[in-house]
Enquirer: 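Here's a structure for you.
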Amino acid sequence: MPTIKKIGVLTSGGDTPGMNAAIRAIVKAGNHYGIEIVGIQKGFFGLIHDKMQSLDSRAVYNIIHRGGTILKSARCEEFKTKKGRETANKVVKKNSIDALILIGGDGTLTGGKLFGREFDVPVIGLPGTIDNDLYGTDYTIGYDTAVNTVVTAVDKIRDTAHSHDRLFIVEVMGRDAGFIALRSGIATGAEKILIPEAKTFKEDLLESLKKGIAEDETSGIIIVAEGDDTGGAREVEKIVRDRYPDYDIRVSILGHIQRGGAPSAYDRVLASGLGYQAVKGLTEGKRDVMVGSINRQIVFTPLDKTIKYNSPINVELHSIAEILGL
Ligand code: F6P
């Protein structure tokens with residue numbers, strides 16, 4: 001087993017609250033194990049273009065509570081090409097980097113898997129996406145904070161919805177997954193939650209609203225995951241407006257506020273633990289895996305599986321939400 005003397009760390013894809021806490025933990029764990037940690041700026045772009053940043057304890061001082069990522073992040077098309085990855089490998093060799101820790105979602109882990117295998121570089125992934133759609137961990141870093149951000153926003157929307165007897169259709173992030181929508185929808189008592197994992201038919205949606213109208217509900221909240229089959233909040237608005245022209249409807253697309261802000265305590269603790277375990281795992285010869293937490297146990301899942309398998313949403317919880325929302 002080759003000795004690891006230097007680890008490169010990068011954040012890639014959509015940023016998440018808690019990425020800084022993970023970077024801090026990686027640097028501190030590196031100090032503990034006598035391993036140098038170097039930061040790579042702007043994800044895979046920085047790996048290709050040799051954007052290195054030395055990371056010592058001073059560099060990660062005062063960042064555990066900050067949203068975003070001090071290393072910056074990007075989505076990088078160049079890394080999807082063999083040529084891009086070959087250039088990145090030259091940069092890795094030039095900087096004497098022995099292993100990589102990649103913090104990001106599906107795209108990041110896919111790139112990491114390819115790169116690690118092509119050039120025989122040990123790679124460990126950390127689940128960093130607000131969408132929570134990675135197999136191999138109960139929670140991804142940033143998900144809890146994003147849900148809390150949505151809950152705070154929807155509580156405020158509910159106040160004004162009630163005052164004006166309005167129906168609000170709130171769109172939350174989740175390109176392919178409904179985790180944010182389901183959890184925040186239950187927490188805010190949403191009347192209806194639309195997620196890609198549970199097909200909602202136009203008639204079901206309208207039927208639910210009909211019940212609300214019959215029971216004299218004058219205001220309400222529908223939470224829609226952006227990746228839902230209906231096509232998002234604007235489409236839902238059209239469907240409802242068509243059938244119930246008297247409803248006073250407003251649409252609120254929460255957007256990128258969900259990706260910013262100080263990480264919750266849960267995300268800070270999760271990111272700290274996973275960051276430490278990634279470094280420890282590399283010292284023990286682990287590679288080609290993602291470190292996650294399942295039932296409060298640290299689990300290393302092959303990158304192949306984290307990418308290929310879907311993280312199952314709790315469909316039963318969605319059925320319960322349907323009952324509780326009406
Ligand atoms: O990082 C995940 C995510 O926030 C998705 O929920 C969303 O669809 C996407 O990123 C938005 O990406 P961008 O910031 O590149 O528009």
Side-chain angles (χ1 to χ4, degrees), residues 1-13 19 22-48 50-56 69 71 73 76 79-80 82 84-128 134-137 140-141 271-293 298-308:
M1 191 172 76
T3 316
I4 308 263
K5 294 199 215 74
K6 190 171 181 181
I7 296 173
V9 56
L10 60 80
T11 49
S12 165
M19 279 181 163
I23 296 165
R24 173 181 177 272
I26 290 163
V27 170
K28 300 258 178 189
N31 288 345
H32 175 71
Y33 285 103
I35 298 171
E36 185 184 345
I37 307 291
V38 62
I40 301 154
Q41 295 165 348
K42 282 186 170 273
F44 292 129
F45 173 87
L47 198 59
I48 295 173
D50 200 3
K51 305 276 180 215
M52 301 291 150
Q53 169 180 346
S54 119
L55 286 179
D56 55 12
T69 158
L71 291 176
S73 193
C76 179
F79 198 73
K80 290 183 185 160
K82 184 84 193 274
R85 294 195 296 277
E86 277 167 359
T87 312
N89 184 44
K90 286 185 193 141
V91 173
V92 165
K93 299 287 174 293
K94 181 188 150 209
N95 286 281
S96 305
I97 292 172
D98 302 310
L100 290 171
I101 298 178
L102 313 176
I103 312 171
D106 206 42
T108 308
L109 301 186
T110 304
K113 184 195 83 172
L114 277 177
F115 184 77
R117 290 183 184 181
E118 278 170 348
F119 303 105
D120 194 23
V121 176
V123 168
I124 289 198
L126 248 68
L134 285 174
Y135 180 83
T137 193
T140 54
I141 298 165
S272 299
L274 297 186
Y276 169 80
Q277 293 291 348
V279 176
K280 181 168 177 268
L282 283 170
T283 67
E284 292 167 350
K286 295 201 169 58
R287 57 193 292 165
D288 205 24
V289 289
M290 181 192 87
V291 56
S293 168
I298 292 299
V299 178
F300 290 88
T301 304
L303 287 178
D304 249 353
K305 284 194 178 174
T306 63
I307 296 157
K308 222 179 328 179

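Note that the structure is predicted; figures quoted are calculated from it, not measured.
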Enquirer: Side chains of Val291 and Leu126: does their closest heavy-atom pair fall under 4.5 Å?
Expert: yes
Enquirer: Kindly state each residue pair satisfying salt bridge (Lys or Arg N to Asp or Glu O under 4.0 Å) with at least one member in residues 103-124, sequence neighbours excluded.
Expert: Arg85-Glu118, Lys113-Asp304, Arg117-Asp288, Arg117-Asp304, Asp120-Arg287
Enquirer: From Ile298 CD1 over to Ser293 OG, what is the distance, rounded to the nearest 0.5 angstrom?
Expert: 5.0 Å
Enquirer: With sequence neighbours excluded, what pairs up with Asn89 under the side chain to side chain donor-acceptor pair (under 3.5 Å) test?
Expert: Lys93
Enquirer: Quick one: list whatever passes salt bridge (Lys or Arg N to Asp or Glu O under 4.0 Å) with Lys280, sequence neighbours left out.
Expert: Glu284
Enquirer: Applying salt bridge (Lys or Arg N to Asp or Glu O under 4.0 Å), name anything that partners Lys80, two or more places apart in sequence or on another chain.
Expert: Glu77
Enquirer: Measure across Ile26 and Val9 and return the closest heavy-atom pair with its distance rounded to 0.1 Å.
Expert: CD1-CG2, 3.8 Å
Enquirer: Which side chain to side chain donor-acceptor pair (under 3.5 Å) pairs, counting each pair once, include a residue from residues 22-32, with sequence neighbours left out?
Expert: Asn31-Ser57
Enquirer: Sequence neighbours excluded, which residues qualify as side chain to side chain donor-acceptor pair (under 3.5 Å) partners of Gln53?
Expert: Gln41
Enquirer: Of all heavy-atom pairs between Ser272 and Ala25, which one has the smallest distance, and what is that distance?
Expert: O-CB, 3.3 Å
Enquirer: Using the ring-ring contact (aromatic ring centres under 6.0 Å, His included) rule, collect all pairs that involve residues 97-128, keeping only residues at least two apart or in two chains.
Expert: Phe79-Phe115, Phe115-Phe119
Enquirer: How far does CD of Glu36 sit from CG of Leu55, to the nearest 0.5 angstrom?
Expert: 9.5 Å
Enquirer: Do Leu47 and Val92 have side-chain heavy atoms sitting under 4.5 Å apart?
Expert: yes
Enquirer: Of all residues at least two apart in sequence or in a different chain, which pass the side chain to side chain donor-acceptor pair (under 3.5 Å) check with Thr69?
Expert: Thr11
Enquirer: Just jot down the side chain to side chain donor-acceptor pair (under 3.5 Å) partners of Tyr276, sequence neighbours excluded, or say none.
Expert: Tyr33
Enquirer: Do you know which two heavy atoms are closest between Gly13 and Ser73, and how far apart they sit?
Expert: O-OG, 2.5 Å
Enquirer: NZ of Lys51: more than 12 outside heavy atoms within 6.0 angstrom?
Expert: no
Enquirer: Holding to salt bridge (Lys or Arg N to Asp or Glu O under 4.0 Å), I want the full list of residues that pass it with Lys94, two or more places apart in sequence or in another chain.
Expert: Asp50
Enquirer: Out of curiosity, Met19 CE to Leu10 CG, how far, rounded to the nearest 0.5 Å?
Expert: 9.5 Å
Enquirer: Taking only residues two or more places apart in sequence, or in another chain, which ones meet Phe45 in a ring-ring contact (aromatic ring centres under 6.0 Å, His included)?
Expert: His49
Enquirer: When rounded to the nearest 0.5 angstrom, what is the spacing between CD1 in Ile101 and CD1 in Ile124?
Expert: 6.5 Å
Enquirer: List for me each residue that meets side-chain contact (heavy atoms from CB on, under 4.5 Å) alongside Thr140, sequence neighbours excluded, and say none if there are none.
Expert: Pro127, Thr129, Asn132, Leu134, Thr137, Tyr143
Enquirer: Tell me the closest heavy-atom pair linking Ser12 and Gly43, and the distance in Å.
Expert: CB-CA, 4.1 Å
Enquirer: First locate atom CD1 of Ile4, then atom CD1 of Ile97, and finally report the distance between them rounded to the nearest 0.5 Å.
Expert: 11.5 Å
Enquirer: Locate the shortest heavy-atom distance separating Phe44 from Gly112; write the atom from each residue and the value.
Expert: CZ-N, 3.9 Å
Enquirer: Evaluate the criterion side-chain contact (heavy atoms from CB on, under 4.5 Å) for residue pair Thr108 and Ile103; output intermediate values, then yes/no.
Expert: CA-CA 7 Å; Thr108 308; Ile103 312 171; over 6 Å; no
Enquirer: Please report the shortest heavy-atom distance between Lys5 and Ile35, naming the atom on each side.
Expert: O-CG2, 3.5 Å
Enquirer: Between Leu100 and Ile40, is there a side-chain heavy-atom distance shorter than 4.5 Å?
Expert: yes
Enquirer: Hey, what do you get for CG (Leu274) to CD1 (Ile141), rounding to the nearest 0.5 Å?
Expert: 5.0 Å
